[in-house]
Amino acid sequence: MHVRVRFAPSPTGFLHIGGARTALFNWLYARHTGGTFILRIEDTDAARNTESAVNIIIEGLRWLGLEWDEGPQTSNADGRSMGQAGPYFQSRRSAIYQARVEELKMKGLAYEHEGAVKFRMPREPITINDLVVGEVRRELTDRESKDPDFVIVRSDGQPVFHLVNVVDDLEMDITHVIRGEDHLSNTAKHIALFNAFGTPPPRYAHIPLILNTDGSKMSKRDQGASLISYMQEGFVPEAVANYLCLLGWSPKDNREILAQSEIISRFDLPQILRHNARFDFTKLRWLNWEYIRSMERDRYLKLAVSAMEQAGFDLSKVPPDYTAAALLTCKEKVQQLSELASLAGFYFRDDMTFEESVRAKEFNPESGACLLRLKSSLEALDLFSADHIQQVLKRLAAESYVKMSVFVHPLRVACTGSTTGPSLYHLVEILGKSRVIHRLDQALALCG
Ligand code: GLU
């Protein structure tokens, strides 16, 4: 069987992390089976449907690397591909839905009711054989058993979600519907519609929800709920995709960092976990750190520069070698690229500003004396390299019978404005002699 799956979001102006995971699972299953992955925008609700809402979905999927395979115009007259096709838009398929409604009416399975069209829902229970949830038997609820028929076309002529969703799954030959568990309650209606069209329904796999760390339901405003926030806050797409895989699926050997090719080869529907997944921001940040530190140099630099620019640093006039050397000292130190602004910002400032608390604590006559000796020794260095800088500090400490930290600490604060940061001797080397001397002068002026 050639597997055909789809991600079918409604454009709400928001791509929820649960939706992104649904897209990912569909894409993985298509890649695992050599099947086809379709993107279908369920935009029949014209009121909510805007171009920017669609773009949020498309940008999010592209960022995660989830390319879709097919669309309304996949090829030209010679059958050659014309680039990436699709997605499908339900708003452009009304003729198809109308024809299918006529078909149901002709079969006596749909009828007009107060200007709307209603579907004749079977009264007997429907069994769903879900690939994740297992066997679910749906009986009509008390309210439904009085009148189980439901509207498929509203009185304003708009076809309803259940109808368009099923018609498209049928027309697009979808073999597996992988979607959020919130749709399990709709599935009996969907199966009834498939039966009415005389087509066997696809296999269903309903994925459990993603909950907050504390087990509460994740709402729009909760941390980590929106995919856009990851794009803006310095997460790398491979880390997010890897993390999303682990939310609700398990390779069964406790490994956490998995290359995408390996996930594709191992991913299968029966391993989707049946319990709700809990979102763990700490783990995601750890994974992101792992991906950043093992990232290839040039890619890291590209992402790091754009994170700095996003934070308001203009690096266009800074020599590229300096920028690269500076940002590379932070590569293993950030969990999110957005942290670079505070960690590496000192490299790119002309004048240091020291917070009042730092001034009061770090600059005094004793540290001033150290800085003065550091200044004359560093000024005298011919080769301004990390090794030589370290030797200067060793020598100064030995001469005064004190620990190296007596010199290390004020030097770091003077050069970076902070008591923590990248490796000191390297950062001093990268800043270069004239910048370092300038900063020592600035600090000395504060030492009294
Ligand atoms: N448009 C529906 C949603 O966004 C799709 C449901 C489905 O995947 O069948 O929830």
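These figures come from a predicted structure and were not determined experimentally. Whatever order the structure lists them in is the order used to number ligands and atoms, beginning at 1. Positions are given from 1, in the same order as the sequence printed here.
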Within the 4.0 Å heavy-atom shell around [X], which atoms of ligand 1 are there?
| X | answer |
| --- | --- |
| Glu42 | 1 (N), 2 (C), 5 (C) |
| Arg6 | 7 (C), 8 (O), 9 (O) |
| Pro9 | 4 (O) |
| Asn165 | 6 (C), 7 (C), 9 (O) |

No-hydrogen, no-angle side-chain donor-acceptor test under 3.5 Å, Thr36 and Asp69: no
Whether over 12 other heavy atoms sit under 6.0 Å from Glu135 CD: no
Check: residues 413-422 side-chain donor-acceptor pairs under 3.5 Å, at least two apart:
| unit_1 | atom_1 | unit_2 | atom_2 | d |
| --- | --- | --- | --- | --- |
| Thr416 | OG1 | Arg412 | O | 2.8 |
| Thr416 | OG1 | Ser418 | N | 3.1 |
| Thr416 | OG1 | Ser418 | O | 3.1 |
| Ser418 | OG | Thr420 | N | 3.1 |
| Ser418 | OG | Thr420 | O | 3.0 |

Close aromatic pair by centroid cut-off 6.0 Å: Tyr243 and Tyr291: no
Sub-6.0 Å ring centroid separation between Phe161 and His183: yes
N/O separation below 3.5 Å, Ala8 to ligand 1: yes
Per-residue contact class, Asp169 against ligand 1 - non-hydrogen pairs under 4.0 Å: neither
Mode of Ser10 contact toward ligand 1 - side chain, backbone, both, neither (heavy atoms, under 4.0 Å): both
Pair Glu112 + Lys105, salt bridge at N-O below 4.0 Å: yes
